[in-house]
Structures are given as C-alpha cells and as structure tokens.
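Here is how names work: the chains are called A, B, and so on, in the same order as the sequence lines, proteins then strands, and each is numbered from 1.
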Amino acid sequence: MTGAIRHGAAGRLWRTTVITLPYAWLLLFFLVPFAIVFKISFADPIVAQPPFTPFFDWAESSPRRLLATFDNYLFLLEDKLYWVSYLRSIRIAFISTLLCLLLGYPMAYGIARARPPWRSLLLMLVILPFWTSFLLRVYAWIVMLGKHGVVNNALLSVGFIDGPLQMLYTDAAVYLGIVYTYIPFMILPLYASLEKLDQNLHDAAMDLGATPWKVFTDITLPLSMPGVIAGSLLVFIPALGEFVIPSLLGGIDSLMIGRTLYDEFFVNRDWPLASAVATVLLFILILPIMLFQRYQQGEES
Amino acid sequence: MNVESKQHTNENSAAWTGAPWKDPSQSPFIEIQSLHKRFGDFTAVDNISLDIYRGELFAILGGSGCGKSTLLRMLAGLEAPSAGRILIDGVDVTELPPYDRPVNMMFQSYAVFPHMTVEKNIAYGLRKSRVAPAEIESRVREMLELVQLTNLEQRKPNQLSGGQLQRVALARALIKRPKVLLLDEPLAALDKKLREQTQFELMNLQDQLGTTFVVVTHDQEEAMTLATRIAVMDEGRFIQIGTPSEVYEYPRNFFVADFFGNINIFDATVISSEPGFIAVELGASGTRIRIQHGGVIDAGAAVMIGVRPEKLLISKDKPTDDRYTVTRGVVEDLAYYGNRSIYRVRSQEGRIIQVSAQNSQRSVELAMEWDDEVYLSWDSSSSVVLQK
Ligand SMILES: Nc1ncnc2c1ncn2[C@@H]1O[C@H](COP(=O)(O)OP(=O)(O)OP(=O)(O)O)[C@@H](O)[C@H]1O
Ligand SMILES: [Mg+2]
C-alpha cells in the first residue's frame with residue numbers, strides 16, 4: 001500500500017477507519033437493537049409505557065434484584081401455535097427457495113449465455129419490478145387472483161372453467177407471491193457466477209467425452225455453487241420472516257412466524273413474548289449462514 | 001484455390017521420413033472437404049480442403065483472427081461447419097457431437113477445471129468413458145510422469161504456475177489416446193526457455209505415441225521447428241501448404257514469403273513460361289534469368305523476384321560466375337556483428353535490400369563503406385517468383 005508508506009500515520013488512520021466502519025455499522029444498527037430485543041425477551045408484559053417490566057428492580061430494596069424470566073421461552077415451547085408457525089415458515093421458505101432456484105437457474109443461465117446487448121436488456125427486466133412499490137405489486141396479485149380477478153375472468157371467457165377458481169387466500173398464492181417477489185435475488189447472484197464461467201471449460205469437458213447433462217453436473221453446477229448458495233440465502237432469509245405476503249395473499253389459517261410476531265407485538269401488545277419469538281427466529285437464521293461460511297472456508301483451503 | 005504445392009522441393013524436411021502426402025497409395029487420416037464457417041455475414045473459414053496423414057504433426061499458421069481456432073473447433077466438433085465435410089480415419093464425423101469424436105483438444109486458454117485437482121483433471125476424460133478405476137489410476141500415473149507433474153497431483157489449478165497448467169492441459173488431452181490431438185497455440189503463454197523445452201517435449205511425445213497432431217500457432221519459428229507440414233492461412237483460406245523448407249524456400253506469394261522472415265524483392269517482367277520454369281527479365285539491370293516455378297504466368301506480366309537475405313552476396317567487383325544473377329546498388333547502412341554483417345543496400349529500382357553476409361575472412365577494415373557502389377548477386381536457383 002503505497003499510500004500507507006508515503007504518509008505513515010495518516011495512512012494507518014485511514015486504514016483503521018476503513019476497517020472499523022463496517023464493524024461500527026453492524027454494532028450500532030444490528031447488535032445494539034438485537035441486544036435490546038434480547039433483553040426485552042426476558043421481561044414480563046405489563047400494561048404500562050413501555051409495556052414490559054424493567055430488567056432490574058429499581059425499587060428501594062437496596063441489593064438490586066434481577067427480574068429476568070425464562071417464561072416467554074417456556075411459553076414458546078408449550079404453546080403449539082408457535083411451533084406450527086415456525087415449522088410452516090421454514091417449510092414455506094424452503095419450498096419457495098427451491099422453486100426460485102429451479103425457475104431462476106435456467107433464467108440466469110439463459111441471460112448469461114445471451115448476446116451482450118440482450119443480456120443487459122434481460123437483466124433490466126429482472127430488476128424492473130423493483131421500480132414499483134413492493135406493496136403495490138402484492139396488491140396487484142390480489143387483483144389478478146381474486147374471484148373476479150383477471151385470471152379467473154380470462155379462464156371463464158375462454159371456457160376452460162365453469163365457475164371462478166379459489167386462488168386467492170391459498171398456500172399456492174403465498175408461494176406465488178414469495179417466488180415472484182424474491183426471484184430477482186436468486187437470479188442476480190446466479191447470473192453473476194454463471195457469467196464468470198469460462199465457456200472453454202464447458203467445451204473442454206464436452207471434448208473429453210461429457211454429454212451436455214454431464215457437463216452441467218460436473219462443471220457448470222459446481223462452479224456456480226457460490227451463486228446458488230448466495231441466492232438461496234437471499235431468498236430463504238427474508239422469506240422466512242415474510243409478513244406482508246402471507247397476510248395479504250394467504251388464508252386466515254396460513255400462519256407464518258412473521259404474522260405471529262406482528263400479532264404479538266401489535267395485537268396482544270406482548271412485547272416480551274414477541275421479542276422471544278424474534279430471538280428464536282434469529283437463531284434459526286444464523287444456522288444456514290454458518291453453514292455457508294463453513295462451505296466457503298472449505299473452498300478456500 | 002488449389003492447395004497442393006506444385007513447386008519443386010528439396011528433400012530435407014527435418015526428422016520426418018517419408019512424405020505420405022506425395023505417395024498416392026497412402027490414404028489420408030483426416031480429410032477436410034471444402035469446409036466453410038460463416039458467422040452472420042462474416043466468413044471465418046472460407047472453403048478449406050486439406051488432407052492430413054497418420055502420424056503427422058501438422059501446423060496451421062496465420063495471423064490473429066484468420067480463422068485458425070475456428071477451423072480447429074470444427075475438427076473438435078465444438079463449432080458446426082456452415083458447409084463441407086470432415087472425415088477422420090475414413091469416418092464422416094461432420095455431424096458427430098464433440099463427445100463422440102476420436103479427437104481431443106488442448107485449448108488456447110488451457111481451460112483446466114478450476115474446482116478439480118490435477119489428478120481429477122487428467123482423469124476426467126477416462127472417467128467419462130467409464131474406464132475401470134484401476135486402469136484410470138495407472139494411466140493417470142503414466143501421464144503424470146510423462147508431463148513431469150508427479151508430485152503435484154493433489155494440487156488445485158490455482159496453486160500451479162503457467163507452465164504447469166499447460167502440462168496439465170496437455171496430459172488431460174492425451175490421456176484418452178485420441179486418434180487426433182488438436183493443440184490451439186499450446187505454447188503461446190510460455191516464456192522463451194520453457195517454450196523451447198516444451199516444443200522439444202511435444203515432438204518427443206508425438207514420436208512416442210504416434211498420434212496425429214494438428215497444432216495452431218501464429219509463431220512461424222514454432223511452426224518451422226515442430227511441423228512435418230505447415231499450412232499458411234489468411235482471411236479464412238489456406239495460401240500455401242508445404243513442408244517447412246518448402247514454405248521457406250519456395251513461398252507461393254509475398255504474404256507467405258514475408259511471414260517466414262525477411263525477403264528481398266526485385267521487380268521483374270515475365271518473358272516466357274515453360275513447364276516448371278519461368279524466364280524473367282529483371283527490371284533495372286535487364287538481366288534475364290530462368291526460375292523454377294510451378295504455374296504458368298502470361299508473358300509481359302509484372303512479378304516480384306524474392307531472394308532471402310542470407311542467399312545474397314555483396315561485392316565491389318562484378319562476380320563472373322554465370323550461374324549468378326547480378327544487379328547493382330548503393331550501400332545505405334551497415335552493421336557489424338562480429339560473425340556477420342548486415343548491409344542495407346538501395347537497389348536500382350529504389351527498394352531497400354537487406355544482405356546478411358558471413359564475415360568469413362578476418363578484416364580490420366570493413367570492405368564496404370556507406371555510399372559505396374556495390375554488386376548484389378545470388379545463385380539464380382535461389383530466387384523465387386512471387387505473384388502480387
Ligand atoms: N462465435 C463467433 N461469432 C462471431 N464471430 C466469430 C466467432 N468466433 C470467431 N469469430 C470471428 O472469426 C474470426 C476468426 O476467429 P478465430 O478465433 O478462428 O481466429 P484465430 O485465427 O484463432 O485468431 P487468434 O490467433 O487471435 O487466436 C475472427 O475474426 C473472429 O472475430
Ligand atoms: Mg485462436
């Protein structure tokens with residue numbers, strides 16, 4: 001680093017700043033809020049402002065008393081509702097991720113193999129939906145899928161069906177909404193890793209006797225694995241905590257953990273329980289991220 | 001274009017013994033028949049026909065973008081010809097996909113699989129053809145020894161040097177014992193020393209294995225050292241095909257002549273054509289000479305006479321030997337290199353002629369000086385007619 005050599009102290013200061021900045025950011029906007037949520041999850045709900053008991057008893061009794069309680073976590077274990085929500089969320093997020101992968105991979109592959117002028121156009125089309133508000137786009141699906149929505153009307157007028165289909169407020173609608181919303185997050189990292197792929201590797205494998213399918217499993221897929229993993233995490237993580245899509249497109253019984261969380265916070269005003277739900281959710285999310293890190297370290301060595 | 005060289009040859013084509021391309025009883029191993037490749041409006045390979053014989057080390061030489069890689073890729077099946085056919089060992093392979101062809105290719109960029117170890121890379125071809133694991137193992141070992149990578153078999157490609165990578169690519173292409181090995185600029189990325197060493201190794205390999213090699217290069221020296229025959233390519237066509245000495249000594253036109261080192265040009269007019277010879281009159285001196293030439297050129301046509309610098313003699317006195325062609329010039333520049341001197345002489349036609357003279361006699365003073373009037377002469381049989 002020539003800068004550091006030329007002006008020693010200033011260069012060191014600059015480097016320290018550059019390195020500490022992201023850590024400071026994480027500390028301030030992730031770790032501190034999480035610590036607060038984590039703290040609240042050990043409190044009891046009360047009708048007050050804020051609606052939970054303090055961590056310490058500030059009353060006159062001179063040795064301060066720790067008021068932490070595990071009740072919220074125990075309650076999560078006892079009440080089936082939470083288990084069901086977590087498992088459903090995991091299932092929906094997992095299946096949605098898989099669907100995004102199955103749909104997104106060929107799309108990303110196609111874009112990466114397209115001629116350069118087409119490539120940028122196709123990429124634009126992938127990102128285009130982001131230019132409209134997310135909420136509006138989900139509402140648009142209501143218009144599309146509703147009883148007298150665009151799809152039903154079209155099918156009826158063609159004569160494929162006799163009466164309108166129940167599409168809205170089903171699990172299928174939730175999957176559709178999640179896949180539709182998050183597929184760009186799958187396509188973009190996949191595209192990035194597929195586009196880097198040297199066409200000569202493909203040709204070399206084929207020249208050595210690999211059929212097109214073998215070329216895919218031996219060369220293309222393993223070399224695009226970083227993209228697959230990044231894309232899957234980018235879809236799985238937000239899908240797991242998704243709240244808007246299941247609320248608007250899903251049925252009344254379509255419990256996902258995001259919805260449960262929302263209800264605890266705003267309907268029941270049970271902040272401590274909601275915090276416990278959020279804390280557990282975070283630990284569920286940390287698992288795949290740690291697996292990813294393991295994988296990356298394995299690649300490097 | 002008729003690609004068979006009609007020109008007379010002197011038989012000293014390196015290590016290669018026998019010349020199957022001249023023996024009508026031999027049948028070619030690879031037959032390329034009027035092959036075309038068009039990309040949109042652009043013709044990358046333009047009506048190429050070529051026969052290559054078993055065990056040859058055939059070099060395709062040409063400038064960047066002339067269609068060498070495209071031709072090779074069509075042989076490998078990686079590019080579909082727009083027209084024409086390819087036969088290998090008597091079998092029409094034009095429609096065969098790359099994985100069904102008895103051909104392996106070493107890529108211009110090596111294309112070593114970055115996620116596999118050296119060993120896995122080399123074994124890949126055998127794995128795909130379902131060879132028994134024990135045999136794969138022994139053949140990989142054999143290959144590792146051949147390319148001297150025995151201790152590196154567990155390395156990943158990003159832990160290898162350029163030269164080592166290139167040897168992995170070579171071993172990987174060789175392990176299936178293909179009938180034909182295609183090499184696309186195999187040595188382009190190597191430094192001079194490694195390059196010469198590898199050229200040598202390639203020739204050894206070719207000797208040991210008897211595989212037919214087709215090597216693409218844009219380095220004329222490499223083609224000269226390696227090849228049994230060379231095809232010179234330009235704008236998708238073959239300009240000339242011949243042994244290294246043929247293309248050097250009897251270039252068909254100025255492009256080929258110029259490709260293989262320096263050549264001096266004298267203007268001349270055709271007087272008459274007879275079978276195998278052409279009589280010309282040198283433009284400035286009016287000297288008449290007969291030159292070996294395959295084709296027929298109309299009398300009166302303007303041609304160029306080419307003479308290699310090392311074939312030219314320079315003297316102050318007029319040479320008397322009547323086998324020599326003599327013309328005159330003025331020394332413009334000279335450089336003394338100890339063992340030889342290079343003279344730049346302006347000919348009577350105003351062209352700069354380069355003469356490379358061995359300093360066979362010790363002389364303290366240079367025999368020639370700037371602005372001296374000198375005689376340029378050469379054995380008439382070492383001149384070639386170059387059409388414009
Ligand atoms: N897929 C393609 N689409 C369009 N044009 C192509 C394609 N492949 C090659 N070409 C063109 O065909 C011509 C020949 O290309 P090729 O790769 O065969 O050249 P080359 O002789 O191998 O050159 P180099 O020595 O630089 O490797 C070039 O002008 C190139 O631009
Ligand atoms: Mg090339």
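- Neither the backbone nor the side chain of B:M106 comes within contact range of chain A; no heavy atom of the residue lies under 4.5 Å from a heavy atom of that chain.
- Taking CG of B:N104 as the reference point, atom CG of A:L208 lies at 5.5 Å (rounded to 0.5 Å).
- Contacts from residues 80-103 of chain B to chain A, taken as heavy-atom pairs separated by less than 4.5 Å, involve B:P98, B:Y99, B:V103 in sequence order.
- Note that CG of A:N200 and CZ of B:F113 are 10.5 Å apart. Values are rounded to the nearest 0.5 Å.
- Heavy-atom neighbours of chain A within the stretch residues 60-71 of chain B, taken at a separation under 4.5 angstrom, are nonexistent.
- Within residues 135-144 of chain B, no residue approaches chain A closer than 4.5 Å by heavy atoms.
- For chain A, the nearby parts of B:R172 are the backbone and the side chain; heavy atoms of each come within less than 4.5 Å.
- Enclosure of atom CD in A:Q199 by more than 12 non-hydrogen atoms of other residues, nucleotides or ligands within 6.0 angstrom is indicated.
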>> With side-chain contact (heavy atoms from CB on, under 4.5 Å) as the criterion, how do A:D203 and B:M105 come out once you've worked through the C-alpha distance, each side chain's angles and the decisive distance to 0.1 Å?
In response: CA-CA 10 Å; A:D203 288 350; B:M105 174 153 163; over 6 Å; no
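- Only the side chain of B:S109 comes within less than 4.5 Å of a heavy atom of chain A; its backbone N, CA, C and O stay farther away.
- Within residues 213-232 of chain A, the residues having any heavy atom less than 4.5 Å from a heavy atom of chain B are, in residue-number order, A:K214, A:D218, A:I219, A:P222, A:L223.
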>> As a quick check of understanding, evaluate side-chain contact (heavy atoms from CB on, under 4.5 Å) for A:D198 and B:F107, giving each step before the final call.
In response: CA-CA 12 Å; A:D198 182 0; B:F107 286 73; over 6 Å; no
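- Between chain A and the options B:P178, B:A169, B:P114, the largest number of non-hydrogen pairs under 4.5 Å is found for B:P114.
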